[in-house]
Novice: 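Quick one: the structure is below, and I'll ask about it shortly.
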Amino acid sequence: MKRSSMRRRNSRYTKLVATFACLVLALSLMVVSSYAWMSMSSSPAVEGLQVTIGGGNTILVAPDVTETVNGVTYHYPGSFSGELNFSQTEYYEELSNLGGLTPVSTADGVTWYLPVYSEDTGEIDSYTAETNLAHANVSADQGETIAEGHYIYLDFWIVSPTDGYTIRVSSGGETDGSYVLALRDVAETEEGWTLESGDDQSSATARLGFLVDETAVEDDNSMYLYMQSADYSSDYSSLAGVYEENSDDTAFTIYEPNADLHPDSNLSGIEDGAYALTLPVTGEDGTTAAANAMSAIVTAQLSGSFNSTFGEIFKAAVYGREFASAEEVQSYFYGDYLQNQLSAYVQRGRFLSYSESLFTNAVTGGGTVSAADMSGLLLGGATEDVSIVTLQRDVPQRVRMFVWLEGQDADCVGGSAGSSLSVFVQLAGASEE
């Protein structure tokens with residue numbers, strides 16, 4: 001398997017060359033997590049998923065266009081640009097009416113495991129394995145299906161004019177780095193409207209995954225259809241990314257954005273600030289993976305938070321205004337006032353520099369790394385021994401991104417909790433010396 005993330009590189013980081021922003025804001029993506037896989041409450045309806053990818057001087061991004069010919073669906077890029085807003089393009093209409101996320105589990109982004117609950121005890125009897133994305137991108141009006149498990153995905157294309165740019169998730173700068181945070185809800189008090197604490201359980205169990213196959217697209221129609229489209233550029237003569245066929249070149253990178261966040265240690269048994277190894281469900285018998293099976297594909301980040309100015313901005317936004325409900329306040333604050341732009345108000349966490357070191361410590365520690373030991377591990381702008389893909393010059397590469405709640409996470413415990421997630425992923429390019 002061509003797996004660039006499994007080799008530690010002596011590399012220098014160039015200027016951040018791409019930004020992937022997935023903003024799942026108030027009234028956009030509701031998250032439901034409940035009783036450690038044992039009992040799921042109904043997922044609330046949602047009103048949309050807003051996603052933006054920003055490119056830089058080095059790489060460009062494009063939407064994924066699909067076209068069906070004689071019953072076969074082909075993929076090719078739309079128009080490449082420095083920024084792509086998924087909510088403003090026709091190719092992602094299904095993301096405007098998604099149901100709430102409910103816990104699932106995966107180790108490879110190909111096989112997804114959904115829990116089967118006992119009618120008598122509410123506990124998990126077994127897992128249903130699916131490879132056809134049947135429970136992905138489920139609409140808000142399919143509540144019964146969502147209760148079995150729901151995750152989302154979307155495809156996009158990325159291209160670089162130079163060879164050897166290895167793409168990683170990055171902490172970026174003060175206003176453009178990666179984070180995943182539950183939005184703070186609005187409540188009414190005697191003093192007026194206020195922001196409550198975020199749903200840290202959702203933040204702690206959230207995962208993003210990037211599924212990539214670097215194999216060249218060799219079918220007769222994908223490149224032909226691309227060349228016939230209005231968005232074709234003569235700079236590109238081949239495409240990469242045929243991962244539905246599960247070739248030997250398929251690679252899956254898991255981004256764990258709040259690796260040291262454990263909001264209820266009484267339930268999870270893990271102290272806040274520590275790291276707990278997550279072993280996704282895998283195998284036909286529903287057993288968990290060996291610890292070392294995850295060490296090369298997880299990029300872990302310390303938890304972020306909304307900064308001190310966020311509360312002050314909220315007070316200024318609602319001062320002197322009349323609102324009928326907390327929902328109306330939230331819609332105004334996050335939508336009308338902030339225009340769904342939260343990045344300036346988030347304190348990002350740093351990344352664990354080496355996944356191998358983190359997982360070695362976790363295995364030695366019986367599955368956890370204490371908060372004290374975490375402080376001794378190297379931190380940086382990205383995880384150096386884990387990457388998403390290495391781009392070929394002028395070869396558009398298709399990437400499939402997933403968002404889910406990991407049911408095997410130690411924090412997937414306690415009562416049900418619903419909240420909206422704000423997700424922003426910064427991609428950085430590294431070139432080898």
Side-chain angles (χ1 to χ4, degrees), residues 3-22 56 165-181 203-210 212 251-262 272-278 294-307 343 346-362 368-390 399 401-403 406 409 411 421-432:
R3 180 68 190 177
S4 58
S5 61
M6 300 179 70
R7 303 190 301 272
R8 182 175 300 174
R9 292 176 172 80
N10 293 320
S11 61
R12 60 178 178 83
Y13 281 91
T14 63
K15 179 180 179 181
L16 293 179
V17 297
T19 302
F20 181 91
C22 173
Y165 265 84
T166 300
I167 305 302
R168 295 176 172 87
V169 183
S170 167
S171 60
E174 293 183 356
T175 61
D176 61 359
S178 303
Y179 70 85
V180 176
L181 290 175
S203 301
T205 59
R207 299 290 192 277
L208 273 68
F210 301 90
V212 176
F252 188 59
T253 304
I254 296 174
Y255 165 39
E256 186 174 357
N258 296 290
D260 62 337
L261 177 62
H262 307 287
D272 199 30
Y275 178 77
L277 188 66
T278 296
M294 298 302 299
S295 62
I297 63 172
V298 174
T299 175
Q301 182 184 21
L302 300 184
S303 57
S305 63
F306 287 105
N307 61 32
S343 292
V346 175
Q347 180 68 45
R348 280 88 167 156
R350 302 290 281 169
F351 280 79
L352 279 299
S353 294
Y354 297 102
S355 178
E356 180 180 355
S357 178
L358 175 65
F359 279 78
T360 297
N361 277 270
T368 63
V369 182
S370 69
D373 288 341
M374 285 286 285
S375 65
L377 298 179
L378 291 176
L379 301 178
T383 302
E384 294 193 26
D385 55 356
V386 174
S387 64
I388 297 172
V389 65
T390 298
V399 179
M401 192 194 80
F402 295 91
V403 182
E406 177 52 63
D409 190 291
D411 297 290
L421 288 178
S422 176
V423 182
F424 191 107
V425 176
Q426 177 86 29
L427 300 181
S431 59
E432 296 187 19

Novice: Using side chain to side chain contact (heavy atoms under 4.5 Å, CB included), reason through F210 and V389 one step at a time and then give a plain yes or no.
Specialist: CA-CA 9 Å; F210 301 90; V389 65; over 6 Å; no

Novice: Would you say that L352 contacts S357 through its side chain, given a criterion of any heavy-atom pair below 4.5 Å between the two side chains?
Specialist: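 The answer is no, as the side chains (C-beta and beyond) never meet within the 4.5 Å cut-off.
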
Novice: Check G381 against F351 and note the closest heavy-atom contact, atom names and distance.
Specialist: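 Looking at all heavy atoms of both residues, the closest pair is O-CD1, 3.7 Å.
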
Novice: Would the distance check show the side chain of R350 and the main-chain N or O of S171 forming a donor-acceptor pair, the cut-off being under 3.5 Å?
Specialist: no

Novice: With rounding to the nearest 0.5 Å, note down the distance linking OH in Y165 to OG1 in T390.
Specialist: 12.5 Å

Novice: From L379 CG over to Q301 CD, what is the distance, rounded to the nearest 0.5 angstrom?
Specialist: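 Interatomic distance, L379 CG to Q301 CD, rounded to 0.5 Å: 10.5 Å.
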
Novice: Output the distance between atom CD (E406) and atom CG (L208), rounded to the nearest 0.5 Å.
Specialist: 12.5 Å

Novice: Going from OG on S170 to CD on Q426, what distance comes out if it is rounded to the nearest 0.5 angstrom?
Specialist: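 Nearest 0.5 Å value for the OG-CD distance: 5.5 Å.
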
Novice: Would you say V346 and F306 make side-chain contact, with heavy atoms under 4.5 Å?
Specialist: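 Yes. Closest side-chain heavy atoms under 4.5 Å.
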
Novice: Looking only at non-hydrogen atoms, find the nearest pair between V298 and S355 and report the distance.
Specialist: O-OG, 3.2 Å

Novice: Write down the atom of N258, the atom of G304, and the distance for their closest heavy-atom approach.
Specialist: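 Here N258 and G304 meet closest at OD1-N, 3.4 Å.
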
Novice: Suppose we screen for side-chain contact (heavy atoms from CB on, under 4.5 Å). Which residues come up paired with S305, at least two apart in sequence or across chains?
Specialist: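 Partners of S305 under the side-chain contact (heavy atoms from CB on, under 4.5 Å) test: Q347.
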
Novice: With side chains defined as the heavy atoms from C-beta onward, is the minimum distance between D272 and L261 less than 4.5 Å?
Specialist: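 Touching, per the 4.5 Å side-chain cut-off.
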
Novice: Measuring only between side-chain heavy atoms, which start at C-beta, is V180 closer than 4.5 Å to R207?
Specialist: no

Novice: Determine whether S343 and R348 make a side-chain contact, defined as any pair of heavy atoms from C-beta on separated by less than 4.5 Å.
Specialist: yes

Novice: Under 30°, 30 to 60°, or over 60°: which ring-plane class applies to F424 and Y179, parallel, tilted or perpendicular?
Specialist: parallel

Novice: Are any non-hydrogen side-chain atoms of Y255 and I388 less than 4.5 angstrom apart?
Specialist: no

Novice: Can you name the residues that form a side-chain contact (heavy atoms from CB on, under 4.5 Å) with S353, not counting sequence neighbours?
Specialist: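 By the side-chain contact (heavy atoms from CB on, under 4.5 Å) rule, S353 matches L378.
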
Novice: Look up atom CG in N361 and atom CG in L277, then write down how far apart they are to the nearest 0.5 Å.
Specialist: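 Reported value, rounded in 0.5 Å steps: 11.5 Å.
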
Novice: Going through the distances and angles, do D260 and S303 end up as a side-chain hydrogen bond (donor to acceptor under 3.5 Å, both in side chains)?
Specialist: CA-CA 6 Å; D260 62 337; S303 57; 3.2 Å; yes

Novice: Could you measure the distance from the CG atom of D409 to the CD atom of E256? Nearest 0.5 Å is fine.
Specialist: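 The CG atom of D409 sits 6.5 Å away from the CD atom of E256.
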
